[in-house]
Amino acid sequence: LPKTYQELENANETLMQQIAARRETEMEYGSTFALSSRGMAQIDARTGRFLRVNERFCEITGYSAEALQVMAISDLIHPDDPPFRLFTGDDGDPVREINQELRCVRRGGAAIWTALNSILIFNQQGRPLHFVLTMDDITQAKHTEEQIAELSKDLSNLSRDNTMGQVAAGLAHELNQPLTAIAQNADSALYAVDQMSAANPELHATLEEIAEQSVRAGEIIRALRA
């Protein structure tokens with residue numbers, strides 16, 4: 001064959017090999033997309049609407065693939081959470097990569113926590129083709145975090161109460177001793193005054209009040225400890 005024919009045949013064989021390799025890669029990607037344990041979706045880089053979703057994405061959101069094809073990711077975001085923006089700026093330029101945790105609303109109205117990751121895919125000319133979005137249902141993990149936080153709060157309160165109890169017990173022990181001494185000394189002084197022939201009534205009343213107040217202080221300390 002002429003040299004030109006041989007070159008064309010070689011070029012054609014190389015092209016066929018590239019096509020076969022691309023088809024194999026597309027099949028592998030398609031299988032990975034469809035069978036992934038994570039929710040996956042392709043989203044239009046201009047409108048933000050779903051182009052393709054896998055079965056796991058439908059399970060997480062509760063919508064069928066047909067229903068999602070007329071929806072955008074913004075339709076799933078909980079109204080009380082910050083928006084999940086695929087586009088930014090005045091020109092609406094697509095965001096190259098996003099990682100965000102927020103709540104989504106399943107079909108039927110139930111709210112779930114999700115982890116959303118999005119990357120922008122370009123063609124060989126550098127033009128945006130589509131977003132590849134992954135979604136994980138992290139509702140159980142969020143509930144576990146909330147339970148752990150609540151338990152930590154309870155443990156903190158319990159520890160604080162225990163510390164206060166130890167402080168109260170220490171104060172009661174330390175204060176009861178001088179209060180007991182005050183009460184005993186007041187009783188001794190009262191006894192001595194009663195033995196006097198010409199005791200001062202005001203002094204007697206003052207000593208009685210000292211004894212009474214020391215007893216009252218002891219009751220306050222016991223109540224504090226309790």
Side-chain angles (χ1 to χ4, degrees), residues 25-123 127-167:
T25 300
E26 290 175 352
M27 290 178 62
E28 291 177 354
Y29 172 74
S31 298
T32 301
F33 185 95
L35 302 177
S36 175
S37 60
R38 308 177 68 185
M40 297 188 67
Q42 287 183 350
I43 298 177
D44 190 277
R46 293 174 300 173
T47 64
R49 293 191 174 275
F50 292 107
L51 299 174
R52 180 185 179 192
V53 296
N54 69 353
E55 184 176 350
R56 178 56 181 158
F57 194 93
C58 295
E59 291 176 358
I60 294 175
T61 61
Y63 290 94
S64 65
E66 292 76 13
L68 287 168
Q69 285 181 353
V70 296
M71 298 172 62
I73 183 63
S74 58
D75 298 328
L76 299 177
I77 305 304
H78 196 284
D80 295 337
D81 280 14
F84 184 75
R85 298 189 182 279
L86 292 173
F87 307 93
T88 186
D90 297 334
D91 299 331
D93 295 331
V95 181
R96 290 175 177 265
E97 185 174 356
I98 303 173
N99 297 291
Q100 193 171 346
E101 290 184 359
L102 41 71
R103 289 179 298 172
C104 289
V105 180
R106 281 175 50 86
R107 182 183 180 185
I112 58 172
W113 275 100
T114 61
L116 297 179
N117 302 287
S118 171
I119 58 172
L120 184 59
I121 306 300
F122 297 87
N123 63 12
R127 290 183 299 179
L129 287 177
H130 56 261
F131 295 97
V132 174
L133 177 78
T134 60
M135 173 185 284
D136 292 302
D137 186 348
I138 58 171
T139 305
Q140 185 58 47
K142 280 290 184 181
H143 287 169
T144 301
E145 288 180 7
E146 292 174 358
Q147 291 175 351
I148 291 175
E150 189 66 26
L151 287 173
S152 297
K153 181 180 178 181
D154 292 342
L155 286 173
S156 177
N157 292 337
L158 180 62
S159 175
R160 184 165 56 250
D161 293 343
N162 185 52
T163 301
M164 289 297 295
Q166 293 177 354
V167 171

Do you know which two heavy atoms are closest between [X] and [Y], and how far apart they sit?
{"X": "F57", "Y": "L68", "result": "CD2-CD1, 3.7 Å"}
{"X": "F131", "Y": "A45", "result": "CE1-CA, 3.7 Å"}
{"X": "I112", "Y": "I60", "result": "CD1-O, 3.5 Å"}

Report task. Could you pull out all residues at least two apart from T139 that satisfy side-chain hydrogen bond (donor to acceptor under 3.5 Å, both in side chains)? Result ->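 T139 satisfies side-chain hydrogen bond (donor to acceptor under 3.5 Å, both in side chains) with D137 only.
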
Requested in this report: Using side-chain hydrogen bond (donor to acceptor under 3.5 Å, both in side chains) as the criterion, list what pairs up with R127, not counting sequence neighbours.
Outcome: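 Listed in chain order: nothing, the list is empty.
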
Query - Matching residue for L133 among N117, I119, I43 - test: side-chain contact (heavy atoms from CB on, under 4.5 Å) - result: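 Only match with L133 under side-chain contact (heavy atoms from CB on, under 4.5 Å): I43.
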
Query - Pair D44 + R49: basic N to acidic O under 4.0 Å - result: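 No, no charged N to carboxylate O under 4.0 Å.
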
Requested in this report: Could you tell me whether E59 and R56 have a side-chain N and a carboxylate O separated by less than 4.0 Å?
Outcome: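 A salt bridge is present here (some side-chain N lies under 4.0 Å from a carboxylate O).
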
Please answer whether the main-chain N or O of [Y] pairs with a side-chain N or O of [X] as donor and acceptor at a distance below 3.5 Å.
{"X": "S159", "Y": "L155", "answer": "no"}
{"X": "T114", "Y": "L102", "answer": "yes"}
{"X": "T144", "Y": "Q140", "answer": "yes"}

Query raised in the report: Quick one: side-chain hydrogen bond (donor to acceptor under 3.5 Å, both in side chains) pairs with a partner in residues 64-74, sequence neighbours left out?
Result: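 Counting only pairs at least two positions apart or across chains, no side-chain hydrogen bond (donor to acceptor under 3.5 Å, both in side chains) contact touches residues 64-74.
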
Query raised in the report: Got a sec, which pairs hit side-chain hydrogen bond (donor to acceptor under 3.5 Å, both in side chains) with one end in residues 97-106, sequence neighbours left out?
Result: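 Applying side-chain hydrogen bond (donor to acceptor under 3.5 Å, both in side chains) to every pair that reaches into residues 97-106, excluding sequence neighbours, yields D81-R103, E101-K142.
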
Requested in this report: Go through the steps to decide whether L76 and Y63 satisfy the test side-chain contact (heavy atoms from CB on, under 4.5 Å), and finish with yes or no.
Outcome: CA-CA 10 Å; L76 299 177; Y63 290 94; 3.7 Å; yes

[X] side, atom [atom1]; [Y] side, atom [atom2] - distance, nearest 0.5 Å:
{"X": "W113", "Y": "E145", "atom1": "CH2", "atom2": "CD", "value": "9.0 Å"}
{"X": "M164", "Y": "N157", "atom1": "CE", "atom2": "CG", "value": "12.5 Å"}
{"X": "L86", "Y": "R46", "atom1": "CG", "atom2": "CZ", "value": "14.5 Å"}
{"X": "I73", "Y": "I98", "atom1": "CD1", "atom2": "CD1", "value": "9.5 Å"}

Report task. Using the test side chain to side chain contact (heavy atoms under 4.5 Å, CB included), find all partners of D161 that sit at least two apart in sequence or belong to another chain. Result ->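 Scan of D161 (side chain to side chain contact (heavy atoms under 4.5 Å, CB included), adjacent residues dropped) gives none.
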
Query raised in the report: Could you walk me through whether S118 and V95 pass the side-chain contact (heavy atoms from CB on, under 4.5 Å) check?
Result: CA-CA 9 Å; S118 171; V95 181; over 6 Å; no

Query - Pairing residues for R107 by the salt bridge (Lys or Arg N to Asp or Glu O under 4.0 Å) criterion, not counting sequence neighbours - result: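 Applying salt bridge (Lys or Arg N to Asp or Glu O under 4.0 Å) to R107 gives none.
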
